[in-house]
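Please read the structure below before turning to the comments.
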Amino acid sequence: MAEHMAVLGTSLDPESAQFARDRQAMLESLRPFSELARQVLAAGGERAVDRHHSRGRLLARERVDLLLDEDAPFLELSSYAGAHEPDGQPGGRLITGVGAVSGTECMVIANQSTVKGGSLNPAAVDKQLRALDIAHRNRLPVISLVESGGADLPSQADIFVPGGRTFHELTRLSAAGIPTVSLVFGSSTAGGAYLPGLSEYTVLVKEAATVYLGGPPLVKMAISEDVDDESLGGAEMHARVSGLADYLAEDERDAIRTGRQIIADLRWRRAGPGPSLPADPPVHDPDGLLGCAASDPKRAVEVREILARVLDGSRFSEFKPLYGTQLVCGWGSIAGFPVGVLANNGILFSEESNKGAHFIQLANARSTPLLFVQNITGFMVGSAAERGGIIKDGAKLINAVSNSAVPHLTLMVGASYGAGNYAMSGRAYDPRFVFTWPSHRIAVMGGTQLAGVMSIVQQRAAERAGRPYDEETDARVRRETEEMIEAQSGAVYATGRLWDDGVIDPRHTRTVLGLALSATHSAPVAGADNFAPFRM
């Protein structure tokens with residue numbers, strides 16, 4: 001198949017002034033994430049880290065590194081959860097991601113106990129639930145590295161109800177035949193005690209792990225019993241008396257070794273077909289991706305330039321190239337995994353909508369995962385578009401996306417506005433993974449357009465009421481609205497709210513998508529048997 005595919009060419013000129021401007025703009029958009037990454041890796045600061053090490057404890061990242069196979073890549077997810085909060089610690093006090101353990105791709109969830117004792121804030125709850133959802137849908141065994149003080153009590157009103165979903169999802173994983181493992185290194189208190197309690201395999205570290213519903217102070221207040229940590233919920237007690245611990249580890253490294261052995265003993269089998277095509281690198285330099293997103297959002301992006309630097313061998317077999325030309329569809333592969341591609345080269349008209357719906361059906365017929373590359377301002381508006389059936393045609397595309405059963409991966413490289421986000425498998429449509437470039441924008445519409453629409457509505461309301469319209473106030477409100485939309489549509493705000501699974505350096509796009517595709521193939525890859533009726 002691969003040898004018959006056309007190789008995408010390029011007209012990108014790395015020596016041009018335009019490329020230089022676009023490249024510099026992308027590097028500038030990456031800058032805030034360098035600072036966020038520094039904060040995430042600081043893990044609560046030097047003092048907290050030193051104190052943790054002085055107690056003979058490993059940091060969360062050190063535990064993850066030891067757990068993973070040597071030199072195995074780790075697809076870290078939701079790295080900047082909570083970054084949109086002005087006083088929040090980015091990262092959500094958790095590390096989550098996909099990596100190989102004893103040769104098996106697993107979802108790893110690790111509490112960062114050096115950040116507020118590993119207590120769970122709202123961002124941490126959202127991040128943990130997203131990780132469990134990814135594990136379930138991609139059939140990934142889950143390993144939890146536990147050391148947490150439980151819920152962040154000052155935030156309990158925002159944690160208690162959604163946080164209970166964690167236990168629900170753990171039991172659903174087991175019911176679906178997906179193993180769950182808890183390695184407990186320290187405190188696992190209150191609701192957090194149910195994490196090892198609901199896991200299929202539990203390992204507790206001797207003289208360090210404590211698991212109980214209520215600690216000694218609560219027990220004293222509730223039933224006037226004086227008891228110490230070890231007698232109440234220590235590792236030895238749970239290994240010898242309660243039976244909660246399946247394995248008693250001598251120390252943290254022994255717990256990690258035991259966890260790796262548990263995964264090895266599963267003899268896990270991937271249910272997907274796996275890679276089947278040559279995984280040779282693109283013929284065009286991935287560094288060119290830095291100049292593939294326009295510094296001016298009003299300027300179109302040639303999406304084939306992106307595909308030429310992401311697909312294996314830059315090979316792409318385009319579907320319907322002469323019809324609906326602002327939606328590029330076709331077949332290729334990434335890291336040897338076949339994919340169908342739907343990528344925006346402009347706004348969606350009726351032709352693009354029909355073409356996309358048709359292509360999605362074909363991908364499902366051949367059980368091929370889909371990659372959506374979003375740079376979309378929405379569907380076409382206006383009388384010509386309405387008379388031409390844009391609503392019913394756009395509905396076909398949304399219908400096809402909604403009922404498609406093959407894995408979807410979504411990459412946002414530019415704008416992601418309005419129903420165009422939905423039609424291109426935005427987060428609300430349950431893609432397996434969503435990744436974004438730092439230059440992307442996501443909103444109902446652009447700030448200028450939204451402010452202008454609100455202004456027109458207010459002017460017309462004033463005319464109907466027969467009252468004068470305050471132009472000065474209008475100008476101020478429009479300016480404030482544009483500034484608000486700009487702040488709320490940026491990549492930092494979006495990723496902080498977990499509207500995606502990570503902001504990535506464009507140069508790493510192929511690697512990230514390859515790891516994500518590999519994870520999806522732990523589960524069966526099969527197309528839909530039927531679709532909801534299309535409005536013709």
Check whether [X] reaches the backbone of [Y] with its side chain - one donor and one acceptor, N or O, closer than 3.5 Å.
X	Y	result
Ser199	Leu195	yes
Thr180	Glu200	yes
Arg63	Leu58	yes
Asn364	Gly527	no
Asn344	Leu327	no
Asp501	Val434	yes
Thr368	Val339	no
Ser404	Val401	no
Asp133	Leu129	no
Asp69	Ser102	yes

### Message
Tell me if the OH atom of Tyr422 is crowded by more than 12 foreign heavy atoms within 6.0 Å.
### Response
no
No-hydrogen, no-angle side-chain donor-acceptor test under 3.5 Å, [X] and [Y]:
X	Y	result
Thr189	Ser187	yes
Glu302	Asn345	yes
His408	Ser425	yes
Asn138	Ser522	no

### Task
Using the salt bridge (charged side-chain N to carboxylate O under 4.0 Å, His left out) rule, collect all pairs that involve residues 419-436, keeping only residues at least two apart or in two chains.
none
Starting at [atom1] of [X], measure out to [atom2] of [Y] and round the result to the nearest 0.5 Å.
X	Y	atom1	atom2	value
Arg61	Gln112	CZ	CD	5.5 Å
Cys292	Ile306	SG	CD1	5.5 Å
Leu411	Asp500	CG	CG	10.5 Å
Trp437	Met412	CH2	CE	14.0 Å
Ile376	Ile442	CD1	CD1	12.5 Å
Lys127	Thr96	NZ	OG1	4.5 Å

Salt bridge or not between [X] and [Y]? Use side-chain N to carboxylate O under 4.0 Å.
X	Y	value
Arg253	Asp251	no
Arg497	Asp126	no
Asp254	Arg257	yes
Arg139	Glu105	no
Arg309	Asp285	no
Arg510	Asp312	yes
Arg31	Glu35	no

I need the minimum non-hydrogen distance between [X] and [Y], along with the two atoms involved.
X	Y	value
Thr202	Ala245	OG1-CA, 3.4 Å
Asn403	Ala528	O-CB, 3.4 Å
Leu498	Ala81	CD1-CB, 3.2 Å
Pro196	Ser188	CD-OG, 3.6 Å
Pro338	Ser276	CG-OG, 3.4 Å
Leu397	Ala423	CD2-CB, 3.7 Å

So do the side chains of [X] and [Y] get within less than 4.5 Å of each other, counting heavy atoms only?
X	Y	result
Val98	Phe74	no
Leu132	Thr166	yes
Pro141	Thr104	yes
Met424	Thr410	no
Ser518	Pro275	no
Thr436	Thr495	no
Gln374	Val413	no
Val203	Ile262	yes

#### Entry: Ring centers of Phe337, His521 separated by less than 6.0 Å
yes
#### Entry: Check against side-chain hydrogen bond (donor to acceptor under 3.5 Å, both in side chains), His53 and Glu62
CA-CA 11 Å; His53 276 152; Glu62 293 170 338; 3.2 Å; yes
### Task
Step by step, work out the side chain to side chain contact (heavy atoms under 4.5 Å, CB included) result for Leu30 and Asp505.
CA-CA 7 Å; Leu30 278 167; Asp505 185 317; 3.8 Å; yes
### Task
Apply side chain to side chain contact (heavy atoms under 4.5 Å, CB included) to the pair Leu370 and Leu342, showing each step before the final yes or no.
CA-CA 7 Å; Leu370 288 168; Leu342 295 93; 3.7 Å; yes
#### Entry: Trace of the side chain to side chain contact (heavy atoms under 4.5 Å, CB included) decision for Cys106 with Leu140
CA-CA 5 Å; Cys106 298; Leu140 299 169; 5.8 Å; no
### Query
Angle class for the Phe359/Trp331 ring planes (parallel below 30°, perpendicular above 60°, tilted otherwise)?
tilted
#### Entry: Sole residue of Ile109, Leu67, Asn111 in side chain to side chain contact (heavy atoms under 4.5 Å, CB included) with Leu145
Leu67
### Query
Taking it one step at a time, do Phe316 and Val341 satisfy side chain to side chain contact (heavy atoms under 4.5 Å, CB included)?
CA-CA 9 Å; Phe316 187 57; Val341 177; 4.0 Å; yes
### Query
Does the cation-pi check pass for Arg441 over Tyr417, that is, NZ or CZ under 6.0 Å from the six-membered ring centre and within 45° of its axis?
no
#### Entry: Partners passing side-chain contact (heavy atoms from CB on, under 4.5 Å) against Asp265 (at least two apart in sequence or in another chain)
Gln261
